[in-house]
Every structure is written in structure tokens, then in C-alpha cells.
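This report refers to the structure that appears directly beneath it.
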Amino acid sequence: MSLQLVRRCRKALTGKLALPVLAAGLILASGGGALAAETHVPSLNSILSHTPVWVWPLILYGLFIGWNRTRARIVAPRRLFVMPALITGLALYNLASSGISVSGLLGFACGAVAGALTGIAVARRRPAKMLADGRLALQGDWVPLVLIVAIIVIRYAKGVALGVDPALAEIPSFILASAFLSGFFAAMMIARTVGVLPSGFFRNEARKSDGVANPL
């Protein structure tokens with residue numbers, strides 16, 4: 001019975017709600033410094049003590065989701081686009097919350113180009129295989145785990161930096177770097193997801209849609 005309970009818990013944590021919960025947590029963490037502004041560089045103990053308790057389960061949860069992506073799995077095609085959509089949403093949220101500016105737009109655009117090129121290169125290493133039932137067989141990949149860790153660390157570091165010195169939010173170089181990283185992660189995930197799809201995937205999906213729309 002206990003083994004069955006563990007399996008159910010694991011399924012709940014890694015199922016359809018896993019990424020939306022993680023994304024919601026990352027959005028909350030964007031303000032995440034909870035550090036009062038200080039005039040000196042805070043110590044590690046000061047940073048940790050001012051970090052909200054709920055941030056730590058979020059970090060562990062993100063690592064858990066990423067770790068599950070390192071193993072081979074079979075998924076419905078539409079589920080591949082959940083993470084890219086959420087990360088893109090986070091990137092746009094980050095851009096909008098920072099205020100639309102030339103530095104932000106330039107950084108986002110440059111990051112998106114770099115991320116797209118990186119995503120295409122990464123996708124070529126582990127293409128997905130289409131199964132007879134329409135699902136995709138994916139190889140285990142460490143890239144999602146690395147990306148989730150990077151996003152959590154960067155957003156946490158940004159929250160701490162702004163907590164120490166709120167004036168950073170007005171510095172063009174800081175805005176540029178933040179927007180670049182947001183654009184990079186979003187474009188990389190989109191390009192990687194599209195790149196792992198089997199050749200002719202979208203053409204086949206379009207034919208299926210036409211068949212459903214025109215059964216006769």
C-alpha cells in the first residue's frame with residue numbers, strides 16, 4: 001500500500017500540474033529577495049536568513065522535475081510544448097515587469113537569437129521517435145535540468161541583488177543582462193523542442209487536423 005501511495009504522489013508531482021506549479025513559484029520568486037536594502041555586501045548567512053522558507057521547497061521541486069527529464073520517457077506531443085510555453089511566459093513577464101525599454105528589448109532580442117541557435121544545436125543530439133500510437137519516445141536529456149537550475153539560480157540572484165540595491169533596476173546594463181538571459185532561455189527551449197520533433201511532424205499533424213475537420 002505504501003508503495004502505491006509513493007507512486008501516486010510521484011505521478012501527481014510530475015504530472016500535468018508539475019510545470020504550472022513550478023512556473024507560478026518562479027513568478028513569485030521574481031520578487032524573491034526579501035532582503036532589506038543594505039549599504040554593504042550581505043554575508044551568505046544574511047542572504048539565507050532573509051530567504052522566504054517557501055523558496056527552498058520550490059528549488060527542490062524544480063530539481064525534481066528536471067531530474068525526471070533526464071530519463072527516457074514516452075509522452076503525448078502536446079506535452080512537449082508545455083515547458084517552452086511556460087518559460088516563454090516567464091521571460092515575457094520578466095521583460096514587462098522590468099519596464100519596456102531599449103535596453104530590455106535589445107537584450108531580449110540578442111538573447112533570443114543566441115538561444116535559438118543553441119537550442120537547434122542541442123536538439124540534433126537527441127531526436128524524438130514517433131510511435132505507432134502517435135506518442136513520442138524521448139531520450140533522457142540533462143538540458144531541462146540544467147535550464148531549470150539556471151533559471152532558479154538567476155532569478156534568485158536577481159532578487160537578492162535588487163534587495164541589496166533596488167537602484168539596479170534602473171541601470172541599463174543590468175536590464176540588458178536580465179533581458180538577454182530571459183530571451184536566451186525562452187528561445188532555446190522553443191528551438192530545442194521543435195528541433196527534437198521527427199521530420200514531417202507538423203505536416204502529419206496538419207493532415208490529421210484536416211481529416212478531423214473534413215471526415216468525408
Side-chain angles (χ1 to χ4, degrees), residues 18-20 22-33 58-59 62-63 65-70 75 77-128 136 138-162 165 167-199 201-202:
L19 292 175
L22 179 60
L26 289 173
I27 290 175
L28 291 173
S30 62
L58 169 65
I59 292 174
L63 294 177
I65 294 298
W67 177 256
N68 273 277
R69 300 301 189 271
T70 66
V75 300
R78 63 180 179 276
R79 292 197 63 185
L80 283 185
F81 295 93
V82 176
M83 182 180 284
L86 292 175
I87 292 180
T88 299
L90 285 170
L92 295 176
Y93 173 86
N94 181 63
L95 183 65
S97 63
S98 299
I100 303 300
S101 64
V102 174
S103 297
L105 293 175
L106 178 61
F108 192 88
C110 291
V113 172
L117 295 175
T118 303
I120 292 172
V122 170
R124 291 173 179 169
R125 299 184 300 108
R126 284 179 165 77
L136 296 174
L138 301 173
Q139 302 179 50
D141 194 353
W142 288 86
V143 171
L145 175 59
V146 173
L147 285 176
I148 289 175
V149 170
I151 291 171
I152 290 175
V153 170
I154 289 171
R155 295 187 76 84
Y156 182 82
K158 179 183 177 181
V160 171
L162 290 175
D165 185 5
L168 287 173
E170 305 298 327
I171 298 177
S173 58
F174 185 87
I175 297 173
L176 181 71
S178 177
F180 177 91
L181 291 172
S182 293
F184 178 86
F185 289 132
M188 181 179 176
M189 283 303 301
I190 293 173
R192 173 186 169 275
T193 299
V194 173
V196 300
L197 295 173
S199 178
F201 173 81
F202 290 108

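The residues of the chain are indexed from 1 along the displayed sequence.
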Which side-chain N or O atoms in residues 179-188 pair as donor and acceptor under 3.5 Å with protein atoms at least two apart or in another chain?
{"residue": "S182", "atom": "OG", "partner": "N94", "partner atom": "ND2", "Å": "2.7"}
{"residue": "S182", "atom": "OG", "partner": "S178", "partner atom": "O", "Å": "3.2"}

Check: residues 168-177 side-chain donor-acceptor pairs under 3.5 Å, at least two apart:
none

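In this structure, R192 and P144 have side chains that are in contact, with non-hydrogen atoms separated by less than 4.5 Å. Within the 4.5 Å cutoff, no side-chain heavy atoms of F108 are placed close to those of L105. Side-chain atoms of L136 and L197, non-hydrogen and from C-beta on, do get closer than 4.5 Å to each other.
A128 and P198 get closest at one heavy-atom pair: O-CG, 3.6 Å. In plain terms, the two heavy atoms of L80 and P84 that are nearest each other are O-CD, 3.1 Å. Considering every non-hydrogen atom in both A191 and A116, the closest pair reads CB-O, 3.4 Å.
The line from CG of L90 to CE of M189 is 11.5 Å long, rounded to the nearest 0.5 Å. Between L147 atom CG and R69 atom CZ the span is 12.0 Å, to the nearest 0.5 Å. Between the CD1 atom in I190 and the OG1 atom in T88 there is a gap of 3.5 Å [rounded to 0.5 Å].
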*Should V196 and D141 be marked as a side-chain contact (heavy atoms from CB on, under 4.5 Å) after you check the CA-CA gap, both sets of side-chain angles, and the distance that decides it?*
CA-CA 11 Å; V196 300; D141 194 353; 5.9 Å; no
